[in-house]
Amino acid sequence: QVQLVESGGGLVQPGGSLRLSCAFSGSISRFNAMGWYRQAPGKQRELVASINYGGSTNYADSVKGRFTISRDNAKNTVYLQMNSLKPEDTAVYYCNKVLPVSQYWTTLWGQGTQVTVSS
């Protein structure tokens, strides 16, 4: 069984910052590559950042230079520092292990955390 608990979302003005946290347990190993995903209303879920056990990271072009993913392997926790937020970053943010797109619909997800960027 997978347990994923995301937190840290909220309402922020454009240009502001938020830090998301995700505690994972169950069948997700601390050795799994982990990712932050987001889904905006009417849009497909997308992977915005990922990090492997050793700390190597990848980012979607839309967030590169603004978001930073990190992890604490001892705590089975992944973080997403989001700076210079834009209205188009508004979405529900989820974490999970890195998955092929074909598995998005058959994989268990946590409740996510809402991020709203608005003035």
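Quantities reported herein were computed from a predicted structural model and do not represent experimental measurements.
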hydrophobic_cluster_shared for Val63 and Val115, side chain cutoff 4.5 Å: yes
Beyond-backbone contact of Asn83 with Gln81, side-chain heavy atoms, under 4.5 angstrom: yes
Set of residues satisfying side-chain contact (heavy atoms from CB on, under 4.5 Å) with respect to Ser118, sequence neighbours excluded: Leu11, Thr116
Asn76 versus Ser25, side-chain donor and acceptor atoms under 3.5 Å: no
Side chain Gln111, main chain Glu6, donor-acceptor under 3.5 Å: yes
Interatomic spacing from NZ in Lys64 to OG in Ser62 - rounded to 0.5 Å: 9.5 Å
Expected list for residues 48-59: side-chain donor-acceptor pairs under 3.5 angstrom, two or more places apart:
{"from": "Asn52", "atom 1": "OD1", "to": "Gly54", "atom 2": "N", "distance (Å)": "3.1"}
{"from": "Asn52", "atom 1": "OD1", "to": "Gly55", "atom 2": "N", "distance (Å)": "2.9"}
{"from": "Asn52", "atom 1": "OD1", "to": "Ser56", "atom 2": "N", "distance (Å)": "2.8"}
{"from": "Tyr59", "atom 1": "OH", "to": "Ile69", "atom 2": "N", "distance (Å)": "2.9"}

Trp109 six-ring face occupied by Arg45 cation (under 6.0 Å, within 45°): yes
ILVMFWY network linking Leu85 to Val92, side-chain heavy atoms under 4.5 angstrom: no
Side chains of Trp36 and Leu20 in contact at under 4.5 Å (non-hydrogen atoms): yes
Separation between CD of Gln3 and SG of Cys22, rounded to the nearest 0.5 Å: 11.5 Å
Minimal non-hydrogen separation, Ser119 against Pro14, with atom names: N-CD, 3.7 Å
hydrophobic_cluster_shared for Phe31 and Val78, side chain cutoff 4.5 Å: no
Test side-chain contact (heavy atoms from CB on, under 4.5 Å) applied to Pro41 - qualifying residues, sequence neighbours left out: none
Atom pair OH/SG of Tyr37 and Cys95 - distance to nearest 0.5 Å: 9.5 Å
Residue pairs, two or more places apart or on separate chains, that pass salt bridge (charged side-chain N to carboxylate O under 4.0 Å, His left out) and touch residues 67-76: none
Cluster overlap Leu4 with Tyr79, hydrophobic side-chain contacts below 4.5 Å: no
side-chain contact (heavy atoms from CB on, under 4.5 Å) against Ser7, all qualifying residues, sequence neighbours excluded: Ser21
Pairs satisfying side chain to side chain donor-acceptor pair (under 3.5 Å), at least one member in residues 86-98, at least two apart: Arg38-Asp89, Arg38-Tyr93, Arg66-Asp89
Distance (rounded to the nearest 0.5 Å) between Thr106 OG1 and Tyr104 OH: 11.5 Å
